[in-house]
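Please read the structure below before turning to the comments.
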Amino acid sequence: MNVKDNSQKILPNKIERLKLFGSVEPGPKHKPTEKDKMSDLQNLQKDFLFELDAVGITNVKYPVILKSKLKPYTQNSIGTFTFTSSIKQTSKGTNMSRFMEQLELYSKNGFIFELNTLKEFTKELAERLGQRDATVEINTTWFYERKGPSSQIAGLNHADINLIVSYHQDSGYKVSAGLSVFVTTLCPCSKEISEYSAHNQRGNVSIQVSLTEDFNEDEFDWKYALLEAAESNASSRLHPILKRPDEKMVTEGAYENPRFVEDMARLVAADLYELPYVKSFEVTCQNEESIHMHDAIATIRYTKE
Ligand SMILES: Nc1nc2c(ncn2[C@@H]2O[C@H](COP(=O)(O)OP(=O)(O)OP(=O)(O)O)[C@@H](O)[C@H]2O)c(=O)[nH]1
């Protein structure tokens, strides 16, 4: 057995240590260091065979500020951004640094996760890039207060939400919003055939809607509307804190509102159909089955006339 050597080590200094592990002195440098003397490969103009539909940066994490109809009314969250624009066949590349420059500019006083800000941002981005169009997508987590149905004890739930804004100098804006949240579903078949009980599952409801041009975020909180569409049609909503009287209500409520995955998709679709500012939608419900290894899934895509 090795006996540990407890005598104190004399370490080489930091520079020597880095050299020990392979660091070397800088070599001779001949290329220009001033920006205007550097070659600018990405701005080369030639026939590069194809136009690009979307080029840019993705998986950018930056803080965002959310406003909400539910408590907490204002909150900080983390946004995951994707920024792109098309580029012509004659351009070699885009100017990647400009996406982040613009994000930093808008983040000086906190980046507000709202439609008006995002529309202005997307148009300015296209102009900054010298392109005809730009698209910005932000995914973030929205926290909202949820109380136990009997005890009224409050805690925080969360849903994943996104906004996608595209701007084109000829056709204007296209706006899409999405939400994904968990719910409880209780199997109608199981309830029907069993002497007692019914198996239930954790369901995920994912909604993506395209919004009308005149949609006004100050009048309608789209994330609240999508949350309601998902949760109010489930067998039960999820809760952060449940005391026994709450648990009894939630359990019985689910038994009184059984749902297949297909029922969920259709009922959510019906609510979205009735929202006047939704032009088209896609709903996917996925149940993590508690009596199978696999999940059940149902999707509806619909465009209003
Ligand atoms: N086009 C392109 N740029 C890349 C790629 N990989 C890295 N870069 C980026 O190139 C950027 C620098 O290019 P530009 O943004 O055009 O910088 P610049 O020319 O000094 O900036 P401007 O003066 O605004 O044009 C850096 O942000 C790098 O991240 C790539 O695959 N394509």
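For the numbers below, each heavy atom of this structure counts, side chains included, while hydrogens, waters and symmetry mates do not. Every number for a ligand or one of its atoms is a count from 1 in the order of the listing.
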Which protein non-hydrogen atom lies closest to atom 22 (P) of ligand 1, naming both residue and atom, and how far is it?
-> Arg98 NH2, 3.5 Å
Classify the side-chain pair Gln45/Asn43 by whether it contains a donor and acceptor separated by less than 3.5 Å.
-> no
For atom 2 (C) of ligand 1, is some protein heavy-atom partner under 4.0 Å away?
-> yes
Atoms of ligand 1 less than 4.0 Å from Ser97 heavy atoms?
-> 14 (P), 15 (O), 17 (O), 21 (O), 27 (O)
State whether any protein heavy atom lies less than 4.0 Å from atom 6 (N) of ligand 1.
-> no
Can Glu247 and Arg244 be counted as an ion pair, charged N to O under 4.0 angstrom?
-> no
In terms of heavy-atom contacts, Phe143 and Pro72 come closest through O-CD, 3.8 Å
To the nearest 0.1 Å, how far is atom 16 (O) of ligand 1 from its closest protein heavy atom, and which atom is that?
-> Asn95 ND2, 2.7 Å
In this structure, are over 12 heavy atoms from other groups packed under 6.0 Å from Arg17 atom CZ?
-> yes
Do the charged groups of Arg128 and Glu124 touch, with an N to O distance under 4.0 Å?
-> no
Can you figure out which of Met96, Lys92, Gln42 has its heavy atom closest to atom 12 (C) of ligand 1?
-> Gln42
Going by distance only, is there an N or O of Thr94 that falls short of 3.5 Å from an N or O of ligand 1?
-> yes
Side-chain H-bond candidate by donor/acceptor type, Thr184 with Ser236, under 3.5 Å = no
With heavy atoms and a 4.0 Å threshold, my read on which part of Lys35 contacts ligand 1 is side chain
